[in-house]
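Have a look at the structure below before the remarks.
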Amino acid sequence: MDERYREFRTGQGVPKEGTYICQSGEKAKLSEQDEFPVCPISGNETYWKHDGE
């Protein structure tokens, strides 16, 4: 499956380095050894998608 269209949840491992966008629309640059963080705005668990740029 194309990683750009998958959703990843807080705490999951990042499959590929790049920029990801959370449900609140905030972007974060993440590396493969990172885990998806909580939402930078709310501080709660969230879903992330690859930015695709």
Side-chain angles (χ1 to χ4, degrees):
M1 178 179 208
D2 192 333
E3 298 297 331
R4 291 175 296 174
Y5 301 108
R6 275 192 61 199
E7 287 188 338
F8 303 95
R9 191 172 176 96
T10 297
Q12 284 186 295
V14 176
K16 178 180 164 186
E17 183 175 306
T19 302
Y20 291 82
I21 304 172
C22 77
Q23 286 177 302
S24 298
E26 288 296 304
K27 293 184 179 184
K29 185 166 176 85
L30 302 170
S31 299
E32 275 188 55
Q33 56 267 47
D34 294 338
E35 289 185 353
F36 286 98
V38 295
C39 174
I41 293 175
S42 71
N44 296 322
E45 288 188 4
T46 189
Y47 287 97
W48 293 85
K49 286 186 176 180
H50 193 270
D51 189 15
E53 288 185 11

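Y20 pairs with exactly one of K29, H50, K27, K49 by the side-chain contact (heavy atoms from CB on, under 4.5 Å) rule, that one being H50.
Among residues two or more places apart in sequence or in another chain, the side-chain hydrogen bond (donor to acceptor under 3.5 Å, both in side chains) test is passed with E45 by R9. For E26, the side-chain contact (heavy atoms from CB on, under 4.5 Å) test picks out C22, P40, I41, with sequence neighbours left out. In this structure N44 satisfies the side-chain contact (heavy atoms from CB on, under 4.5 Å) test together with S42, sequence neighbours excluded. Shown here are the side-chain hydrogen bond (donor to acceptor under 3.5 Å, both in side chains) partners of Q23, two or more places apart in sequence or in another chain: T46.
Counting heavy atoms from C-beta on, the side chains of T10 and W48 come closer than 4.5 Å.
Classification of the F8-F36 ring pair by plane angle, with boundaries at 30° and 60°, yields parallel.
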